[in-house]
Number of protein chains: 2
Amino acid sequence: MEANRQSRLEARARILKALGHASRLMIVEELADGEKCVAELTQTVGSDMSTVSKHLSLLKSVGLVQDRKEGTQVFYRLLAPCVLGFFQCVENVMDVQVQRQILLAK
Amino acid sequence: MEANRQSRLEARARILKALGHASRLMIVEELADGEKCVAELTQTVGSDMSTVSKHLSLLKSVGLVQDRKEGTQVFYRLLAPCVLGFFQCVENVMDVQVQRQILLAK
DNA sequence: GACATATTTGGTTATTTGGCCAAACTTGCA
DNA sequence: TGCAAGTTTGGCCAAATAACCAAATATGTC
């Protein structure tokens with residue numbers, strides 16, 4: 001029955017891994033304000049549109065975002081706003097880590 | 001000033017990426033109950049001890065855990081229990097995703 | 001149908017990751 | 001001093017990731 005725990009953790013990991021990339025975090029941050037199309041996101045992220053599209057499809061594949069077609073455009077929206085709550089904690093870890101490094105450097 | 005946003009997001013990503021692996025999530029889960037030594041964690045994770053040690057040093061490098069030497073053993077403890085709060089949200093995303101797949105299969 | 005716009009997909013390449021094994025530390029103890 | 005136990009580090013290899021470009025795929029318009 002350990003295989004159960006394993007696969008549960010792998011599923012969790014897939015979602016967290018999807019958030020483990022600066023561009024994808026930027027996308028999530030942008031979508032926090034409401035849905036945006038690929039071109040808009042490409043503009044802010046600054047990579048090739050194909051790259052951004054792949055990031056989006058990864059986020060979609062784990063269920064973090066949803067897409068909606070409108071004419072020739074595709075709008076993405078954040079399906080799990082609860083992830084925005086992660087950032088407070090993450091920011092905290094970052095700050096503590098910075099302090100730690102400063103102490104270490106002395 | 002966009003470089004600022006970029007590096008902030010990269011720092012965030014580093015932490016989330018550290019959580020994006022089943023073995024490391026297992027370690028975090030184990031450490032939620034209190035500190036454990038490498039041998040104990042190796043036991044539950046089931047990989048080579050060297051592998052577990054590397055996972056631990058990654059978690060440590062981003063500030064998620066802390067280590068403490070006691071004799072020949074090294075005990076690790078969770079430095080950021082707030083990450084445990086992520087799992088509720090992640091679990092939710094997982095459930096919704098499962099429903100989505102079921103609907104899609106019909 | 002032909003063309004333009006928006007997006008995705010496929011191919012290629014360079015980099016990173018995660019695993020194991022063996023070797024190197026480090027600490028405690030005979 | 002020398003051995004044993006616990007841990008980390010380095011080397012190596014296979015697989016996964018992320019980037020770009022070019023080509024394919026809608027969709028709307030003339």
Side-chain angles (χ1 to χ4, degrees), chain A residues 2-3 6-7 9-28 30-31 35-62 64-77 104, chain B residues 2-3 6-7 9-31 35-77 104:
Chain A
E2 268 310 315
Q6 187 62 22
S7 60
L9 289 175
E10 272 162 12
R12 278 191 191 174
R14 235 171 286 130
I15 292 167
L16 288 166
K17 191 150 73 169
L19 292 172
H21 189 285
S23 300
R24 291 193 293 267
L25 284 181
M26 192 176 287
I27 289 171
V28 167
E30 289 296 313
L31 295 185
E35 61 177 22
K36 297 228 164 51
C37 72
V38 183
E40 287 177 292
L41 293 168
T42 297
Q43 172 74 5
T44 42
V45 170
S47 309
D48 194 271
M49 182 180 277
S50 69
T51 302
V52 172
S53 173
K54 278 172 187 168
H55 283 312
L56 285 165
S57 99
L58 177 60
L59 288 172
K60 182 181 161 191
S61 76
V62 300
L64 284 170
V65 305
Q66 197 178 28
D67 61 343
R68 175 177 73 81
K69 208 162 284 186
E70 183 177 319
T72 74
Q73 307 185 73
V74 179
F75 289 88
Y76 281 84
R77 71 184 191 84
L104 233 145
Chain B
E2 269 310 317
Q6 187 62 22
S7 59
L9 289 174
E10 272 161 12
R12 277 191 191 174
R14 235 170 286 132
I15 293 167
L16 289 165
K17 189 149 75 169
L19 292 171
H21 189 285
S23 300
R24 291 193 294 266
L25 284 180
M26 192 176 288
I27 289 171
V28 167
E29 215 170 56
E30 289 296 313
L31 295 185
E35 60 176 24
K36 297 227 165 50
C37 71
V38 182
E40 287 176 292
L41 293 168
T42 297
Q43 172 74 5
T44 41
V45 170
S47 310
D48 194 271
M49 182 179 279
S50 68
T51 301
V52 173
S53 173
K54 278 172 187 168
H55 283 313
L56 285 165
S57 98
L58 177 60
L59 289 171
K60 182 182 160 191
S61 77
V62 300
L64 284 170
V65 305
Q66 197 178 28
D67 60 343
R68 175 177 74 81
K69 208 161 288 187
E70 183 177 321
T72 75
Q73 308 185 74
V74 179
F75 289 89
Y76 282 84
R77 70 185 194 82
L104 232 146

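A:Gln6 has its CD atom 10 Å from the P atom of C:dG19, to the nearest Å. The distance between atom CG of B:Leu41 and atom P of D:dG6, rounded to the nearest whole Å, is 14 Å. Taking atom CG of residue B:Leu56 and atom P of nucleotide D:dT9, one finds them 11 Å apart after rounding to whole Å. Per the geometry, CD belonging to A:Gln73 stands 14 Å off C1' belonging to C:dA4, to the nearest Å. As rounded to whole Å, 9 Å separates atom P of D:dA16 from atom NZ of A:Lys17. The separation between A:His21 atom NE2 and C:dT16 atom P is 12 Å, rounded to whole Å. Atoms NZ (B:Lys54) and C1' (C:dG19) sit 8 Å apart, rounded to a whole Å. A straight line from CZ of B:Phe75 to P of D:dG6 spans 11 Å, rounded to a whole angstrom.
In this structure a side-chain-to-backbone donor-acceptor pair under 3.5 Å is present from B:Lys36 to B:Glu30. In terms of modelled atom types and a separation under 3.5 Å, the side chain of A:Gln73 and the main chain of A:Glu70 share no donor-acceptor contact. In this structure, the side chain of B:Ser53 does not engage the main chain of B:Met49 through any donor-acceptor pair within 3.5 Å.
Nucleic acid contact for A:Ser57: none, since no nucleic acid atom lies under 4.0 Å from a heavy atom of the residue. Within the nucleic acid shown, A:Tyr76 comes within 4.0 Å of sugar-phosphate atoms alone, with no base atom in reach, counting heavy atoms only. At the heavy-atom level, B:Lys60 lies nowhere under 4.0 Å from the strands shown.
Mapping B:Gly46 and A:Cys37 onto DNA chain C via the closest heavy atom, the residue that lands nearer the 5' end is A:Cys37. When each of B:Asp48 and A:Thr51 is assigned the nucleotide of DNA chain D with its nearest heavy atom, B:Asp48 is the one assigned upstream, toward the 5' end.
B:Val28 and B:Leu19 get closest at one heavy-atom pair: CG2-CD2, 4.0 Å.
A sub-4.0 Å separation between OP1 or OP2 of C:dT5 and a side-chain N or O of A:Thr72 is absent. Residue A:His55 has no polar side-chain atom (N or O) positioned under 4.0 Å from OP1 or OP2 of D:dT17.
Of the listed nucleotides (C:dT7, C:dT8, C:dG19), C:dT7 has the atom at the smallest distance from the side chain of A:Ala39.
Using a 4.0 Å cut-off between charged nitrogen and carboxylate oxygen, A:Glu10 and A:Arg12 do not count as a salt-bridge pair.
The base of C:dC20 has none of its N or O atoms less than 3.5 Å from a complementary donor or acceptor on the side chain of B:Ser47.
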